[in-house]
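Below is one structure, written out as structure tokens; comments come after it.
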Amino acid sequence: MNNYKNRLADLRNDIFIRQRPLGGLQKVRLFSEGIDRMLAEAYALFLEKDTINKQVCLIALGGYGRGELCPYSDIDILFLHSKNTNKDAIARP
């Protein structure tokens, strides 16, 4: 989990501090895309470990879903799953 926290901090710093010439909309879109990559990687790891069944999908909501994720906004996602899914496995970090 700390690895993702560190990567999130690095991503945030890279986009919102180091890339000053970019416009605000470009920055929030880049940040949303970076979060997409991190979540896709985490999701793939869960599938590889067979922690969750393959009938689960992630749906981005709010600013993140619009591709407009601000630096310290919540990352709102919805887990859509079948009735047979182990919900406890999804909730574990």
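Please read all numbers here as calculations on a predicted model, not as lab measurements.
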Checklist entry - Cluster question for you: counting only ILVMFWY and a side-chain heavy-atom cut-off of under 4.5 Å, with indirect links fine, are Y4 and L30 together? => result yes

Checklist entry - Is Y72 isolated, or which residues cluster with it under the ILVMFWY side-chain rule of less than 4.5 Å, directly or via members? => result none

Next on the checklist: Using side-chain heavy atoms (C-beta onward) and a distance below 4.5 Å, is I77 in contact with L39?
Outcome noted: yes

Checklist entry - At what distance, to the nearest 0.5 angstrom, does CG of D76 lie from CD1 of I59? => result 13.0 Å

Checklist entry - Do L69 and Y64 have side-chain heavy atoms sitting under 4.5 Å apart? => result yes

Next on the checklist: Could you measure the distance from the CG atom of D10 to the CZ atom of R18? Nearest 0.5 Å is fine.
Outcome noted: 6.5 Å

Checklist entry - Which heavy atom of S32 sits nearest a heavy atom of E68, and at what distance? => result OG-N, 3.4 Å

Next on the checklist: Nearest 0.5 Å, please: how far is CG in N13 from CG in L8?
Outcome noted: 9.5 Å

Item to check | F16: partners by ring-ring contact (aromatic ring centres under 6.0 Å, His included), with sequence neighbours left out | outcome: F31

Next on the checklist: Go through it in stages, so that I can follow the logic: the residues are V28 and L25, the test is side chain to side chain contact (heavy atoms under 4.5 Å, CB included), and I'd like the CA-CA distance, side-chain angles, deciding distance and then a yes or no.
Outcome noted: CA-CA 5 Å; V28 296; L25 189 55; 4.0 Å; yes

Next on the checklist: Tell me the closest heavy-atom pair linking K27 and I15, and the distance in Å.
Outcome noted: O-CG2, 3.4 Å

Item to check | Heavy-atom pair with the smallest gap, counting every atom of L11 and I35 | outcome: CD2-N, 4.0 Å

Item to check | Residues in side chain to side chain donor-acceptor pair (under 3.5 Å) contact with Q26, at least two apart in sequence or another chain | outcome: none

Item to check | Salt-bridge contact E41-R7 (side-chain N to carboxylate O under 4.0 Å) | outcome: yes

Checklist entry - Under the side chain to side chain contact (heavy atoms under 4.5 Å, CB included) criterion, do Y43 and V56 qualify, and how do the steps go? => result CA-CA 10 Å; Y43 182 74; V56 175; 4.1 Å; yes

Checklist outcome for this item: Here the pair of heavy atoms bringing I17 nearest to R20 is O-CG, 3.1 Å

